[in-house]
Amino acid sequence: MTSRSAKRTELLLQKQSEQESYRLLRMVGDISIRWNSTYDMILRAMRLRIPLRNWLDEQVLQEPDLERLALSNMDWKKLKYLIILLRPFAEYTNLIGNTRDATINHTWNIYNALFDHLDMIRDKFHHKDPEKTPWISEFITAVDTGTEKLKEYYSKTGGPVETQYALAAMLDPSQKLGIFASPEWGRSWSRKYTKEFVEYWSANYQNLAITKDDQPRSLTTPQTLNGIFRQHRQSVGPSRVNTAVMNEAEQYLRAAVIGEDSEIPVLQLWKKIEPSYPFLASMARDILAVPGMLIFTTLKIQILT
């Protein structure tokens, strides 16, 4: 059987070489435990459409029953739709798997992007003429099934771990509270998570800041007379010292986002701004150390099942 498979592969490579000699490709198998294998298989088949047809024609001469493997033009059109449908899932899982930077900060972003993608695809499918594309209802059903499965996985970011996802998102200097600016969120969520952000910092990192209060901080080195006297007013009396220290979290959230138009990884951004938020940086390192890959081990959606 192995020998037979090897001969068929060699024949496929031969048929490719008759079309081009730049790069000869083998077929990709659909492996259920491998992310994106269905997408990769379809993409490769589309790339080898003509050599595959030529290969099958020759195989059919020896085994006529193999004609059942032939795909019609309509079948190939459906595969194009599948590529469009599955592409964002493949792109996000590849990006998450290949990055060495923190990714938990983008978990909600990715879910929202996938929901938006499925909504857009569903809307386009509903505008198709059912008489010209009678099979489109199958795709609409697949999108609806995929959306429900995505909601199931998305719900796992709520409950006891919800605050951690919110903190991770806000600890991304390139987005901060901006993640909650989209219509699907609303101001109430922004206020809720802002409160939780400050409270979490106060409960877990404020004491660290107080014990190291004598360390120099670029954020508290004023360059103007107004700044000098404002710092003096904040540092008068023990109660004001605690308030000023705790405000590091609030100051971070109120400051402008950093790096939103760049490709700088979030951990490198924190190295850049750590002198301004030295104790919040400890919180960022602890929370952003959780890899987003752990979240997406259950995200491989079988959209056709």
> If we only count heavy atoms from C-beta on, is the Gln164 to Tyr200 side-chain gap below 4.5 Å?
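With C-beta onward as the side chain, the pair touches.
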
> Is any side-chain heavy atom of Ile121 closer than 4.5 Å to one of His117?
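Touching, per the 4.5 Å side-chain cut-off.
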
> Find out if a path of hydrophobic residues (ILVMFWY) with successive side-chain heavy-atom gaps under 4.5 Å connects Leu82 to Met120.
yes

> Under 4.0 Å between a side-chain nitrogen and a carboxylate oxygen: does that hold for Glu250 and Lys195?
no

> Looking at Tyr252, does the NZ or CZ of Lys176 lie under 6.0 angstrom from its six-membered ring centre and within 45 degrees of the ring axis?
yes

> Is a donor from one side chain sitting under 3.5 angstrom from an acceptor on the other, for Ser72 and Asp75?
yes

> Got a donor-acceptor contact below 3.5 angstrom from the Gln59 side chain to the Leu66 backbone?
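Checked: no pair found.
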
> Can you measure from CZ (Phe139) to CZ (Phe125) and round to the nearest 0.5 angstrom?
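If I round to the nearest 0.5 Å, the distance is 6.0 Å.
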
> Determine yes or no for a side-chain-to-main-chain donor-acceptor pair under 3.5 angstrom, with Thr93 supplying the side chain and Ala90 the backbone.
yes

> I need the minimum non-hydrogen distance between Ile83 and Leu43, along with the two atoms involved.
CD1-CD1, 3.8 Å

> To the closest 0.5 Å, what do you measure between OG1 (Thr103) and CG (Asn98)?
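Here the interatomic distance stands at 11.5 Å.
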
> Just by modelled atom types, is the Ala169 backbone N or O under 3.5 Å from a matching donor or acceptor in the Gln175 side chain?
yes

> Begin with the C-alpha distance, continue with both residues' side-chain angles, and end with the deciding distance and a verdict on side-chain contact (heavy atoms from CB on, under 4.5 Å) for Leu280 and Tyr205.
CA-CA 7 Å; Leu280 188 62; Tyr205 295 89; over 6 Å; no

> With a 4.5 Å heavy-atom cut-off, do Arg87 and Glu91 have their side chains touching?
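A side-chain contact exists here, since the closest heavy-atom pair is under 4.5 Å.
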
> So that I know where these two stand, are Tyr39 and Phe89 an aromatic pair - ring centroids less than 6.0 Å apart?
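No, they do not, as the ring centres are separated by 6.0 Å or more.
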
> Answer yes or no: are there more than 12 heavy-atom neighbours, outside Lys78 itself, under 6.0 Å from its atom NZ?
yes

> Closer than 4.0 angstrom, basic N to acidic O: yes or no for Lys7 and Glu10?
no

> Kindly say whether Gln14 contributes a backbone atom to a donor-acceptor pair with the side chain of Ser17 at under 3.5 angstrom?
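Looks like yes, one N/O pair under 3.5 Å.
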
> Between Trp108 and Phe180 (side chain of the first, backbone of the second, donor and acceptor by atom type, cut-off under 3.5 Å), is there such a pair?
no

> For the residue pair Lys156 and Val161, what are the closest heavy atoms and their distance?
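Result for this residue pair: O-CG2, 3.3 Å.
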
> Please determine whether side-chain contact (heavy atoms from CB on, under 4.5 Å) holds for the pair Glu248 and Trp201, giving the CA-CA distance in whole Å, both sets of side-chain angles, and the decisive distance to 0.1 Å.
CA-CA 9 Å; Glu248 182 177 288; Trp201 187 89; 4.0 Å; yes

> Would you mind reporting whether Ser174 and Val266 have side-chain heavy atoms less than 4.5 Å apart?
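Side-chain contact under 4.5 Å: no.
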
> Checking Arg49 against Leu71 for the side-chain contact (heavy atoms from CB on, under 4.5 Å) test, could you report, in this order, the C-alpha distance in whole Å, the side-chain angles of both residues, the deciding distance, and whether it holds?
CA-CA 10 Å; Arg49 179 176 177 177; Leu71 299 180; over 6 Å; no

> What's the separation between atom CD in Glu274 and atom OG in Ser282, rounded to the nearest 0.5 Å?
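If we round to the nearest 0.5 Å, Glu274:CD and Ser282:OG are 7.0 Å apart.
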
> Between His127 and Asp123, is any pair of side-chain heavy atoms under 4.5 Å apart?
yes

> Is there a side-chain contact between Arg26 and Thr9 in this structure, where contact means two heavy atoms from C-beta onward sitting under 4.5 Å apart?
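Arg26 vs Thr9: side chains touch.
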
> How far apart are the C-alpha atoms of Trp55 and Arg8, what are their side-chain angles, what is the distance that settles it, and do they pass the side-chain contact (heavy atoms from CB on, under 4.5 Å) test?
CA-CA 8 Å; Trp55 169 87; Arg8 286 175 171 174; 4.0 Å; yes

> Grouping I, L, V, M, F, W and Y whenever their side-chain heavy atoms are under 4.5 Å apart, do Met74 and Ile136 come out in a common cluster?
yes

> Would you kindly say whether Trp185 and Ser190 are connected by a side-chain donor-acceptor distance under 3.5 Å?
no

> Determine, using the 4.5 Å side-chain heavy-atom cutoff (strictly less than), whether Ile84 and Tyr92 are members of one ILVMFWY cluster.
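Yes.
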
> To the nearest 0.5 Å, what is the distance between CD1 (Ile42) and OG (Ser37)?
9.5 Å

> Output the distance between atom CG (Leu167) and atom CG (Asn105), rounded to the nearest 0.5 Å.
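So the CG of Leu167 and the CG of Asn105 are separated by 12.0 Å.
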
> Would you mind reporting whether Trp135 and Tyr81 have side-chain heavy atoms less than 4.5 Å apart?
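Answer yes - side chains close enough.
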
> Could you state whether Leu95 and Tyr111 fall into the same hydrophobic cluster, counting links through intermediate Ile, Leu, Val, Met, Phe, Trp or Tyr residues with side-chain heavy atoms under 4.5 angstrom apart?
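No; Tyr111 is not reachable from Leu95 via cluster members.
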
> Would you say Glu162 and Glu196 make side-chain contact, with heavy atoms under 4.5 Å?
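Side-chain contact under 4.5 Å: no.
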
> When rounded to the nearest 0.5 angstrom, what is the spacing between CG in Leu79 and CG in Leu86?
10.5 Å

> Could you check Leu118, Ile110, Asp116 and say which one makes a side chain to side chain contact (heavy atoms under 4.5 Å, CB included) with Leu114?
Ile110

> Could you report the tightest heavy-atom contact between Ala45 and Leu52, atom names first, then the distance?
O-CD1, 3.9 Å

> Look at the side-chain heavy atoms of Ile, Leu, Val, Met, Phe, Trp and Tyr, link any pair under 4.5 Å apart, and say whether Trp76 and Val28 land in one connected group.
no

> For Ile273 versus Pro173, what's the shortest heavy-atom pair and its separation?
CD1-CG, 3.8 Å

> Can you confirm whether more than 12 heavy atoms, excluding those of Ile50, are under 6.0 Å from its CD1 atom?
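Count not over threshold, so no.
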
> May I ask you to decide whether Lys151 forms a salt bridge with Glu148, counting only side-chain N to carboxylate O separations under 4.0 Å?
yes

> Please determine whether a side-chain nitrogen of the Lys or Arg among Arg53 and Asp57 lies less than 4.0 Å from a carboxylate oxygen of the Asp or Glu.
yes

> Which heavy atom of Asp40 sits nearest a heavy atom of Trp35, and at what distance?
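Shortest heavy-atom contact: OD2-O, 4.4 Å.
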
